[in-house]
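Count residues from 1 along the sequence.
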Amino acid sequence: MKKIGFLRAAVAIVLMAIVFVTVFSYTTSPIYKEWGETPDSPIFQIIGKYWALGSVPYRDLWDLKGPYIFLINAIGYWLTGTRLGVYAVQIVFMSLTLLCFYKMFRTRFQPGQSLTMVAISLLPLSYIYEGGNLTEEYLLPCLSLSFLFILQWIDRVENEKRTAHPPLYAFVYGIVAGLSLMSRLTNSLASCAAVAVIALYLLSCKQYANLCLNIVTFIAGIVFTTLPFLLYFAHYDALDVMWNTTFLYAAKYAANATKDLAEIGIHYFLLSYFSSILLLALCVWKTIRRRSLTVRTCLWFMSALLPFVWFCQGNGFGHYGMTVLPLFAIAFIEIAELRLRTLAVCVITTMFVACASKVRYMFVIRDRVNDYVSAYTDILESVHGIDYSSFVAYNCDPNIYLALDIRPANPFFALQDFAIERNPLLRNDIVSSFRSKRPEWILLAKPEDETVNIQPMLDESYTIVATKEGVQQLILYKKK
């Protein structure tokens, strides 16, 4: 009977995942006509699509994210040849994430209540999903599994006085850290903070052998996830550029990626990073109320604090909040144990309103046309004989490549000057790449009263074929 009950719950969870991804992943879902206006997902899709067709990321097509997100998109395009493959992969990952949430809630609630709580957990996720197909989404299953293991361990510590930590759990934490290294370094801040607290606790309990074994399995988890990528790129002589991009360039980008709180809006900040804020507040309130600091409270507090510090000094993108979504489940478990019913009602109501605003936005954009891509198409269609096998869009919305099924003719194919602005070290690489691999055609979106970084090359080696004013100043160049 228990197996039947779990299977029914699993079916319900898969249905939730299908509905959620279909409604909120407007960059991949079949109910949306276009790919939206966010640049990240189309960049990942372009690199993944052509990786599946034989290109090598970083060497042939470049972006500063780690290779994990490109691999996911490559699998999706290998399955179907279209974005529907990515959509299917998203449903699998979302189902696994929600299944871990269900297991967390089952430690305290009945099956029906746990399913309800899983559905409630989708409310904050809807606000920070931001079109879907982002790096954080594909880390959520392992992140959620990590916090399920952490929750089970701390329950045993408090209820059974068993201080030893299972090394298998540390292996999963290592997988999370490894996938973060291969996507974005800051994605595993919450789990790494918890790992540090666990290590200190084992040290204080003089569990030296257990701690050493956990360290070994943690490192094994990192090696397990990173070694295949390292071997692949070494085989294709692209390890150096992958390594520099994933770590050095990404670190420089993160250092320069800051926004003022007033610029992004206090309500956006609070809703995007709500899981961390809620758990931090609960830990403080619980400590003051009980006048004692427990290992459990330290675990949750540090897991929420470290990513929150990053959120405060980072560039304010809401989807970063997905990395702490498992803390929302932890927070509700704490709320239930503390019997804070009024707080629970307030939290659910707030999240429901935020979700409703996103659903309304989804209806608005469902039939929306990407004005940038429309303008690019107009100017390109006004000129006959364009060889799209030797074409690059400079400073343009990368959706143009998906819309016209174009394989970029230069590794640096999107948001070139934006990348240079965030990391000046890239300027020489981008300019040199365009000088050595000069495409026949370049569509330039020129910022008003600004000179683009490849302008000397354009003036020297290209002629203007067409121009267009509108949402952007567009100039179509042809090589002399």
Side-chain angles (χ1 to χ4, degrees), residues 9 12-26 29 31 90-91 93-106 108-109 111-134 136-137 139-141 143-144 147-148 190 265-282 300 304 307-308 311 317-336 340-366:
I13 284 170
V14 171
L15 291 176
M16 287 184 201
I18 292 172
V19 171
F20 183 89
V21 175
T22 301
V23 173
F24 292 102
S25 184
Y26 59 78
S29 171
I31 70 172
Q90 286 176 277
I91 291 173
F93 275 74
M94 186 60 64
S95 299
L96 293 174
T97 298
L98 298 183
L99 185 61
C100 291
F101 274 49
Y102 176 77
K103 297 293 286 184
M104 277 194 275
F105 288 125
R106 281 291 287 122
R108 301 297 190 277
F109 304 110
Q113 294 173 319
S114 297
L115 280 176
T116 301
M117 294 306 303
V118 169
I120 290 172
S121 299
L122 289 172
L123 297 178
L125 180 59
S126 68
Y127 192 83
I128 56 181
Y129 200 56
E130 297 197 332
N133 192 34
L134 301 171
E136 298 83 3
E137 176 180 0
L139 214 67
L140 267 178
L143 272 171
S144 303
F147 278 97
L148 170 62
I266 186 65
H267 69 286
Y268 180 80
F269 178 86
L270 293 175
L271 290 173
S272 297
Y273 313 132
F274 186 79
S275 299
S276 279
I277 296 170
L278 177 61
L279 190 55
L280 282 172
L282 283 169
W300 304 152
F308 182 71
F311 296 152
F317 291 135
H319 58 83
Y320 291 174
M322 277 193 274
T323 61
V324 292
L325 186 68
L327 301 186
F328 186 81
I330 298 296
F332 252 92
I333 289 172
E334 291 293 320
I335 287 173
L340 301 174
R341 295 183 179 179
T342 302
L343 177 60
V345 171
C346 292
V347 168
I348 294 172
T349 302
T350 302
M351 292 297 101
F352 183 81
V353 171
C355 178
S357 71
K358 280 294 180 179
V359 171
R360 180 178 177 275
Y361 178 70
M362 295 301 110
F363 279 105
V364 170
I365 70 169
R366 182 177 176 182

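When all heavy atoms are compared, the tightest approach of Ala354 to Ser357 is O-OG, 2.6 Å. Between Ser121 and Leu325, the shortest heavy-atom distance links the atoms O-CD1, 4.0 Å. Residues Val324 and Ala190 come closest through the heavy atom pair CG1-CB, 4.2 Å. Closest approach of Gly321 to Phe311, counting heavy atoms only: CA-CZ, 4.2 Å. Among all heavy-atom pairs drawn from Ala344 and Ile335, the shortest one is CB-CG2, 3.9 Å. The shortest heavy-atom contact between Asn133 and Ser25 is N-OG, 4.4 Å.
Between Gln113 and Phe105 there is no side-chain heavy-atom pair separated by less than 4.5 Å. No side-chain heavy atom of Val19 sits less than 4.5 Å from a side-chain heavy atom of Leu15. Side-chain atoms of Val23 and Lys358, non-hydrogen and from C-beta on, never get closer than 4.5 Å to each other. The shortest side-chain heavy-atom distance between Ser276 and Leu327 falls under the 4.5 Å cut-off. Under the 4.5 Å side-chain criterion, counting only non-hydrogen atoms from C-beta, Phe93 is not in contact with Leu140. In this structure, the side chains of Leu271 and Ile128 stay at 4.5 Å or more apart for every pair of heavy atoms. Counting heavy atoms from C-beta outward, Ser29 and Phe24 have side chains that stay 4.5 Å or more apart.
Leu125 CG to His319 NE2: the interatomic distance, rounded to the nearest 0.5 Å, is 13.0 Å. How far OG of Ser275 is from CE of Met351: 8.0 Å, rounded to the nearest 0.5 Å. Atom-to-atom distance recorded for Met104:CE and Ser144:OG is 5.0 Å, nearest 0.5 angstrom. Interatomic distance, CD1 of Ile333 versus CH2 of Trp300, reported as 7.5 Å (0.5 Å rounding). The CD atom of Glu137 lies 12.5 Å from the CG atom of Leu143; values are rounded to the nearest 0.5 Å. We find the CD-CG distance between Glu334 and Leu343 to be 12.0 Å, quoted to the nearest 0.5 Å.
The backbone N or O of Leu123 lies less than 3.5 Å from a partner atom in the side chain of Ser126, making a donor-acceptor pair.
Of the residues Phe328, Phe332, Phe101, the one that meets the side chain to side chain contact (heavy atoms under 4.5 Å, CB included) test with Met117 is Phe332. A side chain to side chain contact (heavy atoms under 4.5 Å, CB included) with Ile13 holds for exactly one of Leu96, Leu99, Ile18, Thr97; it is Leu99.
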Applying side-chain contact (heavy atoms from CB on, under 4.5 Å) to Leu282 and Leu340, what does each step give before you reach the verdict? CA-CA 10 Å; Leu282 283 169; Leu340 301 174; 3.9 Å; yes
Does the pair Leu139 and Thr323 meet the rule for a side-chain contact (heavy atoms from CB on, under 4.5 Å), with working shown? CA-CA 8 Å; Leu139 214 67; Thr323 61; 5.7 Å; no
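Classification of the Phe20-Tyr129 ring pair by plane angle, with boundaries at 30° and 60°, yields perpendicular. Aromatic ring orientation, Phe269 versus Tyr273: perpendicular (interplanar angle above 60°, classes split at 30° and 60°).
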